[in-house]
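Within every chain, numbering begins at 1; the chains are lettered A, B, ... in the order of the sequence lines, protein sequences first and strands thereafter.
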Amino acid sequence: MSALIELSGVRKTYRSGAVEFEALRGVDASVGVGEYVAVIGPSGSGKSTLMNLLGCLDVPTEGHYVLAGEDTAALDEAALAVIRNRRIGFVFQQFHLLASMPAWRNVELPLVYAGVPRAERRERAVAALTRVGLADRVDHRPGELSGGQQQRVAVARALVTEPDLLLADEPTGNLDSGSTREVLGLLDELHAAGRTIVLITHEPDVAARAQRNLVIDDGLITVDRPTAAGATR
Amino acid sequence: MSWWETVRSGLAAIRAHRLRSALTVLGIVIGISSVILTVGLGQGAQREVEEQIDALGSNLLIVSPGSSTSGAGVRGGFGSASTLTLADAAAIADPEVVPDAAAVAPAATSSVSLVNGATNWTTSLVGTTPPWLDVRGRELSAGRFFTRAEAAEGAAVAVIGADTASELFGRLSPVGQQVTVDGTRVTIIGVLASSGASASGTSEDDVAVVPVGTASRLTGSTSTAVSTIYVEARSETTLAAAYQEVEALLATRHGVTTAEADFSIATQDSLVETANETNRTFTVLLGGVAGISLLVGGIGVMNIMLVSVTERVREIGLRKALGATPRVIRRQFLVEASLLGLTGGIVGVLVGIVGAQALPRFIDQAVAVSLLATTAALATALALGVGFGVYPATRAARLTPIDALRSE
């Protein structure tokens, strides 16, 4: 199994005035292609910082993060934007859909920045929405959809560029139990279809759906273990 | 992301906040249309004055009496003294003394009432000599001008302007008719063709031209003073020579040096220059005020764009997370600001042009809309949008996606 994500000696220090805060204190980890990994930990553990680094929204202060063979430490903001566009699909806790646009326009956004022609964008956006079971909601605005449906639109948006990595940050944090089942079921399906998924959560039962759990505490990965779901596979 | 894509997304953002966008655009519209109107007013006035002065004839020297100084030392304005006389005019007409003068016509102007039956019309009476017609570049639409013989004997004949003719006689032909001036019967022998222009603000078409002797008789004046002496130079090239000859002659005759002259000589060019200077001052002043309102409009665009950036922090963060580079974000906000500016510019130009058509109906002043001013106004509007959009757009581009996504 080849490694998609390779973290070695990753440190992240935040500085505000004279106060320094080390959010990550030397993280080593790797995630293989096709893996479904959950990162769990209490708030303040460095979970969000790790998510920002994995998503190329930020760069490490020290150490290296190699994504699909490319070291991100040396890249500037514009290059990081291109990596985010090509390699990563984001699913956020707050969905982050643009309220003024219908579902398919939200889904096509990453393709706009990738420079894909219009007709092809629409086609691929509709295909992605069909993939998440929203073929009949293509022209609905986010306000007209349930929370679970909105998060499925966000998943479709994350999938539309066929990224190497699906990065989900507390994807069920704002959902009721029914919608949570809906979205987690969708992630299971995607994993079964070969997607690499990194899921960040603080809920143990959500983490249990993944193959492997990384427990982060006080800026360090303290536990790296396969889950029951991973073991039975 | 292509430019067309960016423009489309900018239009969508503008449409999403219709009222706010409209109010922003309104500031630019007011600025641009007032610049177009004020510059148009200035240019219209300038063109009118130039036409009027052109109508005077290009080889013309206009000699006016200088200012008088009263015993108390109060100086009157130019033309308030009566230092020019018929004798001065006769001396200028001597080809030995002023060889470069082709023709000379004195003019003594006063106001009289002409009576035709029950119709009474007050007009300006010009007492002059036959060369007046050529020197002033006027033509007759009917009848004839008075002759040297009639001028010499002070015949009771008059040539009237087109407006005077229609006021006194309606559609009837005035030639051969008689009018009464203070009890004296005067025969109308000709009608001047309409000149349609005036250098002094009074109509050149409402006038009664009579021999200079007749004028004194009709007004009961014994003075030989004249209000203007028109001198026509032989050609444009001898205009300067004629100027100096007339100036030297009058100074000698009046016993003054040219520095303390009690008369003034104007050429067509100097009249145009003076008139344009006045106009330019007004145009610059009004244009400046309009320019300030344009600046305020531009600040309005910046204000709205800053509000828009603040309001859309989350959207900007999301777009960045999905792969928008800082350049793409900056461009998006710049295009949005430019669209606001350009829309304001186009609407402003339309309002300005409509205003330029409508305004002359309410005020007696032509408005000239020049292509140059219109193009400049559009370019300014676009530049305002871009210029005042740079700061908000840069702020949007600098937002880090993490902070932007986390903000509520």
Side-chain angles (χ1 to χ4, degrees), chain A residues 12 14 23 48-59 75-102 105-118 121 141-142 154 157-161 163 167 169-170, chain B residues 1-21 304-305 307-336 339 393-408:
Chain A
K12 182 71 190 177
Y14 292 111
S48 296
T49 306
L50 185 62
M51 141 89 191
N52 290 339
L53 291 181
L54 289 177
C56 288
L57 295 166
D58 208 346
V59 287
L75 298 178
D76 67 1
E77 225 201 301
L80 287 174
V82 173
I83 298 235
R84 290 195 293 267
N85 184 252
R86 304 239 173 97
R87 303 214 175 275
I88 304 168
F90 288 95
V91 179
F92 302 99
Q93 181 176 0
Q94 297 95 343
F95 320 143
H96 284 311
L97 298 175
L98 299 181
S100 61
M101 296 180 179
R105 281 218 178 274
N106 270 288
V107 173
E108 72 156 4
L109 261 182
L111 298 177
V112 170
Y113 294 117
V116 174
R118 256 180 100 187
R121 288 204 308 256
R141 282 166 205 276
R157 182 179 63 194
L159 289 175
V160 77
T161 52
L167 193 57
D169 182 16
E170 304 273 12
Chain B
M1 194 174 185
S2 73
W3 281 99
W4 173 233
E5 210 73 66
T6 314
V7 169
R8 267 178 9 123
S9 116
L11 284 175
I14 288 171
R15 241 180 287 126
H17 300 282
R18 257 168 234 160
L19 179 63
R20 182 202 287 175
S21 305
I304 288 306
M305 290 312 296
V307 169
S308 173
V309 169
T310 312
E311 244 187 24
R312 283 152 67 189
V313 161
R314 268 154 57 104
E315 177 189 331
I316 295 164
L318 172 75
R319 287 177 183 273
K320 285 191 147 187
L322 297 183
T325 59
R327 233 181 62 173
V328 166
I329 295 288
R330 187 181 313 119
R331 201 199 279 167
Q332 184 187 335
F333 279 87
L334 264 184
V335 163
E336 219 174 296
L339 283 173
T394 307
R395 259 179 63 159
R398 284 214 188 115
L399 286 171
T400 62
I402 311 167
D403 296 338
L405 280 173
R406 297 234 183 289
S407 88
E408 285 309 315

Quiz item: Hey, what do you get for CG (B/Leu405) to CD (B/Glu315), rounding to the nearest 0.5 Å?
Solution: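 Answer rounded to 0.5 Å: 11.5 Å.
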Quiz item: About how many Å separate CG of A/Asn85 and NZ of B/Lys320, when rounded to the nearest 0.5 Å?
Solution: 14.0 Å
Quiz prompt | Interchain contact, A/Arg157 with chain B, by part (heavy-atom threshold 4.5 Å) | solution =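 For A/Arg157, the contact with chain B is made by the side chain alone.
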Exercise. Could you look at A/Arg87 and say if it's the side chain, the backbone, both or neither that has a heavy atom under 4.5 Å from chain B?
Key: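 For A/Arg87, no heavy atom lies under 4.5 Å from chain B.
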Exercise. Over 60° means perpendicular and under 30° means parallel, so classify the ring planes of A/Phe90 and A/Phe92, tilted if in between.
Key: parallel
Quiz item: Pick from B/Gly317, B/Pro401, B/Ala12, B/Ala16: which one has the most heavy-atom pairs with chain A under 4.5 Å?
Solution: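 Among B/Gly317, B/Pro401, B/Ala12, B/Ala16, the one with the most close pairs to chain A is B/Pro401.
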Exercise. Please flag which part of B/Arg8 lies under 4.5 Å from any non-hydrogen atom of chain A: side chain, backbone, both or neither.
Key: side chain
Quiz item: Does atom CZ of B/Arg398 have more than 12 heavy-atom neighbours, drawn from other residues, nucleotides or ligands, at distances under 6.0 Å?
Solution: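 Result for CZ/B/Arg398: open.
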